[in-house]
Q: 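Provided herewith is a single structure, encoded as structure tokens, for subsequent inquiry.
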Amino acid sequence: MKGTVFVLSGPAGSGKSTVRQRLMDKGLNFHYSVSDTTRKPREGEVNGVDYTFITKKQFEEGIKNGVYYEHANYTGEYYGTPVSQLLPYIESGVNVILEIEVDGAMQVKAKDKNAVLVMLLPPSYRVLEERLRGRGTESEEKILRRLNRAKDEIRLFDRYDYFLLNEDGKIDECVKQLQMIAETQQYKTKNNPDFPSKFLGI
Ligand code: 5GP
């Protein structure tokens, strides 16, 4: 059986990275797709682990050369999933988790009908605002751009298969729910097209 692509989206400040990291820590059959980006590394981010940090010129070359499975421009910077982070894993039966914004998620769904799209949200817009300001890593202008972007992203809610609410202090609940969603996929009839013939021994 091929691996499944799991897309985790949600506004900046929804807790995506923490949820994804905790899911990965459970040692399940997941590869985390490391994206390329043109934005500058934040403190503590490691090149090749959190992102592969490249220049705009390199990214644009990559687009021309078909390096990306999907890519998007998010608040003025490029972000993209290299094909090499996805297809070889799926082909060898490993699930891949992508932590990407909505435009990229739509591109993934258009290419792979079996991809599972999950939107992670904070409990309210107000909490989102508090979390973004609390991070203290971005300028006011960047925060406002991210908040506006969050509004646009939530408008695509119904294009996603599932949504999860990341309530303050209950992140492990979220991780558990995401794990359940992941585990359920193996029982989908559409993910097991060969089952009837195997069952019948033909
Ligand atoms: P940040 O700068 O906060 O790390 O990421 C900004 C946004 O870009 C987040 O919503 C993040 O999930 C998204 N993102 C990260 N990597 C990719 C990618 O490869 N493709 C797309 N489309 N979005 C990405």
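Both counts, for ligands and for their atoms, begin at 1 and track the order of listing. Position 1 is the first residue of the sequence, and the numbers go up from there.
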Q: Checking Asp103 side chain against Tyr74 main chain: does a donor-acceptor pair fall under 3.5 Å?
A: no
Q: Side chain or backbone, does Tyr79 bring an N or O within less than 3.5 Å of an N or O on ligand 1?
A: yes
Q: For ligand 1, which part of Arg146 has a heavy atom less than 4.0 Å away: the side chain, the backbone, both, or neither?
A: side chain
Q: Check contact between Asp103 and ligand 1, using heavy atoms of the residue and a distance below 4.0 angstrom.
A: no
Q: Side-chain donor-acceptor pairs under 3.5 Å in residues 4-15, sequence neighbours left out?
A:
| from | atom 1 | to | atom 2 | distance (Å) |
| --- | --- | --- | --- | --- |
| Ser9 | OG | Ile100 | O | 2.7 |
| Ser9 | OG | Tyr160 | OH | 2.7 |
| Ser14 | OG | Pro11 | O | 2.7 |

Q: Would you say Gly80 contacts ligand 1, with heavy atoms under 4.0 Å as the rule?
A: yes
Q: Please write down residue, atom name and distance for the protein heavy atom closest to atom 20 (N) of ligand 1.
A: Glu70 OE2, 2.7 Å
Q: Is there a heavy atom of Gln107 sitting under 4.0 angstrom from any atom of ligand 1?
A: no
Q: What protein heavy atom sits nearest atom 11 (C) of ligand 1, and how far off is it?
A: Lys16 NZ, 3.6 Å
Q: Any idea which atoms of ligand 1 are less than 4.0 Å away from a heavy-atom of Ala72?
A: 22 (N)
Q: Of Arg42, Arg145, Lys40, which meets salt bridge (Lys or Arg N to Asp or Glu O under 4.0 Å) against Glu138?
A: Arg42
Q: Are Tyr78 and Glu60 linked by a side-chain donor-acceptor pair shorter than 3.5 Å?
A: yes
Q: What is the closest protein heavy atom to atom 13 (C) of ligand 1, and at what distance does it sit?
A: Glu101 N, 3.6 Å
Q: Output the list of atoms in ligand 1 that are nearer than 4.0 Å to some heavy atom of Arg42, sorted by atom number.
A: 1 (P), 2 (O), 3 (O), 4 (O)
Q: Answer side chain, backbone, both or neither: which part of Gln85 comes under 4.0 Å from ligand 1, heavy atoms only.
A: neither
Q: Of the listed options (Thr52, Ile100, Leu8), which comes nearest to atom 18 (C) of ligand 1 when hydrogens are ignored and any heavy atom counts?
A: Ile100
Q: Can you see whether Glu77 engages Thr37 through a side-chain donor-acceptor pair at a distance of less than 3.5 angstrom?
A: no
Q: Hey, is ligand 1 close enough to Glu45 that some N/O pair sits below 3.5 Å?
A: no
Q: Would you say Glu70's side chain and Thr81's backbone share a donor-acceptor pair under 3.5 angstrom?
A: yes
Q: Throw together a table of side-chain donor-acceptor distances under 3.5 angstrom for residues 192-202, partners on residues two or more places apart or in other chains.
A:
| from | atom 1 | to | atom 2 | distance (Å) |
| --- | --- | --- | --- | --- |
| Asn192 | ND2 | Gln186 | O | 2.9 |
| Asn192 | ND2 | Lys188 | O | 2.9 |
| Ser197 | OG | Asp194 | O | 3.1 |

Q: Enumerate the atoms of ligand 1 whose separation from the nearest heavy atom of Arg39 is less than 4.0 angstrom.
A: 1 (P), 2 (O), 4 (O)
Q: If you round to the nearest 0.5 Å, how far is OH of Tyr68 from OG of Ser35?
A: 9.5 Å
Q: With no hydrogens and no angle check, just 3.5 Å: does a side-chain donor-acceptor pair link His31 and Gln85?
A: yes
Q: Quick one: CD1 on Ile171 to CD on Gln21, what's the gap to the nearest 0.5 Å?
A: 9.5 Å
Q: If we ignore hydrogens and angles and just use 3.5 Å, is the side chain of Glu129 paired with the main-chain N or O of Leu132 as donor and acceptor?
A: no
Q: Starting from atom 4 (O) of ligand 1, what is the nearest protein heavy atom, named by residue and atom, and what distance separates them?
A: Tyr51 OH, 2.5 Å
Q: Looking only at protein heavy atoms, which one is nearest to atom 16 (N) of ligand 1, and what is the separation?
A: Ser35 OG, 3.1 Å
Q: Near Gly104, which atoms of ligand 1 are under 4.0 Å from a heavy atom of that residue?
A: 22 (N)
Q: Quick test: of every protein heavy atom, which one is nearest to atom 14 (N) of ligand 1, and how far off is it to 0.1 Å?
A: Glu99 O, 3.6 Å
